[in-house]
Number of protein chains: 2
Amino acid sequence: MRIASWNVNGLRACSKKGFGDWLSGAGADIVGVQEVRANEEQIPNEVRNPEGFATHFVAAERPGYSGVGLFSRETPDEIETKLGVEEFDAEGRLQIARFGKLQVVNCYFPNGNGKERDNSRVPFKLDFYRALFDRLEKGLRDGEPILVMGDFNTAHRPVDLARPKQNEDTSGFLPEERDELDRWLRNGFVDTFRHFHPEAKDRYSWWSQRFNVRAKNIGWRIDYVLASPGAMPYVKAADILHDVMGSDHCPVVVDVAPDACR
Amino acid sequence: MRIASWNVNGLRACSKKGFGDWLSGAGADIVGVQEVRANEEQIPNEVRNPEGFATHFVAAERPGYSGVGLFSRETPDEIETKLGVEEFDAEGRLQIARFGKLQVVNCYFPNGNGKERDNSRVPFKLDFYRALFDRLEKGLRDGEPILVMGDFNTAHRPVDLARPKQNEDTSGFLPEERDELDRWLRNGFVDTFRHFHPEAKDRYSWWSQRFNVRAKNIGWRIDYVLASPGAMPYVKAADILHDVMGSDHCPVVVDVAPDACR
DNA sequence: CTTCAGACG
DNA sequence: CGTCTGAAG
């Protein structure tokens, strides 16, 4: 069973670049997308109701901003979309879908950049991280199988971005952001890609659109699938699909034994 | 001597579609453009400083809005750009250029559509018409040669638009707008195109960008070169260059005896 | 339907 | 650098 996460940077734009074809051909059973940047009515029909998938979308209140979506071959038993904090819930960043006993969390973590191209939104970002962690903590402790996938907007370690030195003051690689991600991992979540590829270098999931930098592979690994200890026994592989085009991010995937849901 | 007027609907966009080539190949001695939608620094250099032309640009205060420009093989003796009314002069709509004794007025008359897609800006439009008329009236009476070219945003008569019946409540063909244009003509200005082509039908200078309507020639004649009685003896021909692409308007031209300037 | 600005990333 | 909204035409 393949589970994929992709920040599509506008699902309407990505659809024009072949999202529908990728979805039908990728062999994925569950796909979470981030930065949909549209409400459901605006999404072209072949992607809004794709053959063979159940869909669920959460839009931000602000038009054209944020938003997440979930495509799944089986309809989830339930989906939660709120943390109970108005500022977070207004931005369409979260889906917690349950498939049997497996929880699949699709999340678009906030970008830390503020209006003035400063780091003024970092506190909001960290508060969001903490609120979601708090929401998941009990299940984590109870050994439930949980996968948290999405655009975390944070590179964990120097090896996870091409230019660590130049970016120590850049949101996405600030010490306090890395510390927060560390805390998730210390508390049991596993960075599945790093688990299966402990020595991998130059493996990124996002490249700036400026200067045609993707061709030179000057990127960041900021999209993850984290697995709880209760989920890890089912996780068989993890990968980054760096050759899939259509967005400034590429998909990241895990392969999971189907009995994770039972 | 050929004098041309063209609403370019963004000089940057029009430049990408060949404005520079048209300018060098059109055989025009004076070209007035409207809706430049850029300040001088933003204009690509081959159009900002084209070989063989003097240039003069007037930008609106609001970025990306309105703006007029003048290209001329001879440098004008003087250029005036203001009517002395702050609301008008802030919008970069006017150049009054003198070449010897000939006055060439390049003007982007206001569109009558308001914010809510209503006709709320019609009063402003008519006030602008009146202020410019007042500015030109003395020269008109004194028999000076004056050409007023530009986007008047008004079709004069039913023959000047493809769908007169459907547009009696649309700004651009309102009775009060047509009356104002009538007043200019009653006071001596000559619609040069109509003068040389009294029976012409289906000759338009603007087509809506919606529904690909230009191919069907469902348009409006709202761009004119008006000539004062003092200028008429020099005006030898007038035309509409409907096959010139690059904007939702096309150029309109007059051919004038060169001694109009002496 | 298209231009441009400005927000955001 | 690109995706969107929103104003404007």
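Proteins come first, then strands; the chains are lettered A, B, ... in the order of their sequence lines, and each starts at number 1.
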Under 4.0 angstrom between A:Y65 side-chain N/O and C:dG9 OP1 or OP2: yes

B:K17 side-chain N/O to C:dT3 phosphate OP1/OP2 under 4.0 Å: yes

Assess A:R93 against A:F88: is NZ or CZ under 6.0 Å from the centre of the six-membered ring, and within 45 degrees of the ring's axis? no

B:N7 CG - C:dT3 C1' separation (whole Å): 11 Å

Distance, rounded to the nearest Å, where A:M245 contributes CE and D:dG2 contributes P: 11 Å

Rounded distance in Å - CZ (B:F152) to P (D:dG9): 18 Å

For B:N111 and C:dT2, what is the distance between atoms CG and P respectively, to the nearest whole Å? 18 Å

Respond yes when some side-chain nitrogen or oxygen of B:R37 is under 4.0 Å from OP1 or OP2 of D:dA7, and no when none is. no

Choose from C:dC4, C:dG9, C:dG6 the nucleotide whose nearest atom is closest to any side-chain atom of A:R93. C:dG9

Rounded to the nearest Å, what distance is computed from the CZ atom of residue A:F211 to the P atom of nucleotide C:dG9? 19 Å

Please give, in whole Å, the distance from D:dC4 P to A:Y108 OH? 13 Å

Result for 5'-nearest mapping on DNA chain D, choosing between A:G64 and A:R117, is A:R117

Classify the angle between the aromatic ring planes of A:F152 and A:Y224 as parallel (below 30°), tilted (30 to 60°) or perpendicular (above 60°). perpendicular

Quick check: any donor-acceptor pair below 3.5 Å linking the side-chain of A:E35 to the base of C:dG9? no

Return yes if a side-chain donor-acceptor contact under 3.5 Å exists between A:N106 and A:Q95, otherwise no. yes

Do the side-chain N or O atoms of A:K115 get closer than 4.0 angstrom to the phosphate oxygens (OP1, OP2) of C:dA7? no

Determine whether the side chains of B:H156 and B:D191 contain a donor N or O and an acceptor N or O closer than 3.5 Å. no

Integer-rounded Å distance: D:dC4 C1' and A:Q209 CD: 12 Å

Does a side-chain N or O of A:R62 approach OP1 or OP2 of C:dA7 to a distance below 4.0 Å, or not? no

On DNA chain D, nearest-nucleotide positions of A:N212 versus A:G10: which is more 5'? A:N212

Side-chain heavy-atom pair A:I240, A:F193 within 4.5 angstrom cut-off: yes

Please give, in whole Å, the distance from C:dC8 P to A:R210 CZ? 14 Å

Between A:Q42 and D:dT5, is there a side-chain N or O to OP1/OP2 distance below 4.0 Å? yes

